[in-house]
Chemist: 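Please find one structure pasted underneath; my questions will follow.
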Amino acid sequence: MVRFLLLGPVRAVTDTGAITLGSPQQSGLLTLLLLRHGPVPIDDVVDALWGENPPASAHSTVRTYAARLRQVLAGHPVELRRSAGGYHLVRHAADVDAEEFDRLVEQARQARRSGDVAGAASRLRRALGLWSGRALGGVRAEFAAAQRVRLEESGRAAREQLFDAELALGRHEAICADLGAAVAERPVDARLTELWMTALHRCGRTVEALDAFRRLRAQLHEQLGIEPGPGLQRLHQRLLQGGDALAVPEEPPAERPDQMPPGVRHFTGRRAEIDRLRRVLTEDGVPVAGITGLGGSGKSALAVHLARLLADRFPDGRIYLDLRARTGRPVSAHEALGSLLRSLRPGVTLPETTAERCTLWRTAASGRDLLVVLDDADSSAQVEPLLPGCAVIVTAARRLIELPTVAWQRLGPLSDEESLRLLGEIAGHQRVDAEPDAAAELVAACSGHPLSVRIAAARLLDRPRWTVSQIMAQLADDLRQPVVMHEDCKIVDEPIRRAEARLRAVSASVFRLAALADEPLRTVDDVTAMTGLPRPEARAALEDLVDAHLLEAVGIDSYRYPVLIQAFARRRAEEIEGPDRCGMALAGLVRALVAAAG
């Protein structure tokens, strides 16, 4: 491991000691390559080392420096390469203190913006602890002056941010002396004087704070001919008036919300889906996972189950927000942003506009190991403002195609094995295993739909003396031709009814009419014969039904109804399309089949 130190005398150190870098110009070449990413042309190297007055032998001297550096770095995980593009330093397992400084300052900025003042102060202290003297010490190359100014300005800004964070944490006594020293170094720096005045006042030294203002004002007049800025003048007036407003603020503890609702009992199956979604949510970048499926397929249950499985991965909290698309009165993005902001910052004053709330929400969530579940989303317009810089799970009836950053997972039916396991978990495995054929028939009638399996299992529990066969017979009657629909069937029908209501008029009519034939398999030609639609329109309608999770695509131009959904669609055809239209659809299918057979 090699570490290059630029925030002080330029050095290279390893676990076993320092590496001798050679002459100042040779160190200058190394420093230039460390500060520039990618190849540096030799003419740029010459300009950087000597400016406008290079020696006649500059190019050969650079090659000599490069050759010596290769010898110095030999045996370490660093390579100095020469190519047509110029010189390039390849750092395999080497790091640079200036880059670590920049990373820590950026992390501190994000922590402060999210309300974690203590975390910001800790990172800034670590960043400033990397300095050991004047930046690029010992390098006399031409480029070093500008780079030194840049690095030291960054250091001064970080020190000022640390003073500000320490004051916010009530550590005025600990930093008062350091602030005084900083002001002595930069006597016309108004911001440093403002911070020092605040610290002095909180330490009970208001007279000294007022004196610091008078000295700054005199120096600004003398050197620049200007007055202190309005912020500093307001601070001066508050001190003259007693300064109660400068009391140590009470910093609220960082919120780590845990809002996940209870998970469903007997969660079963979905192993492949869980594995894929887990990978999406734990990969680099800003992971956003989406789950789609018919209502009752377990989208919300899977989202909550996954959030609980990954609790250790998101130590900064888990937020749950129901966007209520299924109610027909979805939460607006404006309202949702208010809820999300209050989750992280209780008592926050909410901005009036949606755009301002969106900006504040993304700032608050940025840089945090936070998981947000946006359940039952209605549209892309509702969700897009809610996506922060942290991990998100979105559930929706359909893919929200205007959100390209979301990795979508479609929830299909449970397998027969998973359905039987779920039935047994709820109703009792002994009872289910006693009638394996009837149990298999029962879950087949439920079409692998988790909500339907749970309803069937609940019926078994409520009727302990009934056999599985009797439950199956009653359920079949209820689904085919209910005289008075049982409350259980209404619950099973409801998500299918919601999906139907969201369809285009043509797709809804196809959904109902194409279900009339007994066989569940339907082709584009079948639908054309039953509805009179042209093939492209018939195919578009069937694809729409697949997207709505009402049909399964089983091949090119072939689609299948799940048993449960076909029973619903046939009932709806009788209610909505009427007997004449239903009869015409079936007659059209018969004619097409006869013509094909002849």
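In this chain, numbering begins with 1 at the start of the sequence shown.
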Chemist: For residues 49-74, which residue pairs qualify under ring-ring contact (aromatic ring centres under 6.0 Å, His included), counting only residues two or more places apart or in two chains?
Modeler: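 Every candidate ring-ring contact (aromatic ring centres under 6.0 Å, His included) pair involving residues 49-74 fails, so no pair, neighbours aside, qualifies.
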
Chemist: Tell me whether E194 is salt-bridged to R191, with the criterion being a basic N under 4.0 Å from an acidic carboxylate O.
Modeler: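 Yes.
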
Chemist: Assess whether a salt bridge exists between R276 and E273, defined as any Lys/Arg side-chain N lying under 4.0 Å from an Asp/Glu carboxylate O.
Modeler: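 No, this pair does not count.
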
Chemist: Minimum heavy-atom separation for T193 and P187, please, with both atom names.
Modeler: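 In terms of heavy atoms, the two residues are closest at OG1-O, 4.5 Å.
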
Chemist: Any ion pair linking E153 and R156 (charged N to carboxylate O, less than 4.0 Å)?
Modeler: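 A salt bridge links R156 with E153.
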
Chemist: Keeping E222 on the side-chain end and A218 on the backbone end, is there a donor-acceptor pair under 3.5 Å?
Modeler: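 Between the backbone of A218 and the side chain of E222 there is no qualifying donor-acceptor contact (under 3.5 Å).
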
Chemist: For the CZ atom of R68 and the CZ atom of R63, what is their distance to the nearest 0.5 Å?
Modeler: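 One finds 13.5 Å between CZ of R68 and CZ of R63.
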
Chemist: Between R159 and D178, does any side-chain N to carboxylate O distance fall below 4.0 Å?
Modeler: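 So R159 does not pair with D178 through a salt bridge.
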
Chemist: To the closest 0.5 Å, what do you measure between CG (L162) and CG (L195)?
Modeler: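 The CG atom of L162 sits 10.5 Å away from the CG atom of L195.
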
Chemist: Could you check whether E152 pairs with R186 (Lys NZ or Arg NE/NH1/NH2 to Asp/Glu carboxylate O, under 4.0 Å)?
Modeler: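 R186 and E152: not salt-bridged.
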
Chemist: May I ask you to decide if the ring planes of F101 and W131 are parallel, tilted or perpendicular, using 30° and 60° as cut-offs?
Modeler: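 Answer is perpendicular, since the angle exceeds 60°.
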
Chemist: Would you call R279 and D275 a salt bridge, using N to O less than 4.0 angstrom?
Modeler: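 A salt bridge is absent here (no side-chain N lies under 4.0 Å from a carboxylate O).
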
Chemist: So, R91 and E99, do they make that salt bridge, N to O below 4.0 Å?
Modeler: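 The answer is yes: the pair qualifies as a salt bridge.
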
Chemist: Could you walk me through whether L200 and T206 pass side chain to side chain contact (heavy atoms under 4.5 Å, CB included), step by step?
Modeler: CA-CA 6 Å; L200 286 168; T206 305; over 6 Å; no

Chemist: Do I19 and H76 come close enough that some side-chain heavy atom pair is under 4.5 Å?
Modeler: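 Yes, close enough: below the 4.5 Å cut-off.
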
Chemist: Is the shortest distance from a Lys or Arg side-chain nitrogen in D375 or K299 to a carboxylate oxygen in the other one below 4.0 Å?
Modeler: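 Looking at K299 together with D375, the answer is no, because their closest N to O distance does not fall below 4.0 Å.
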
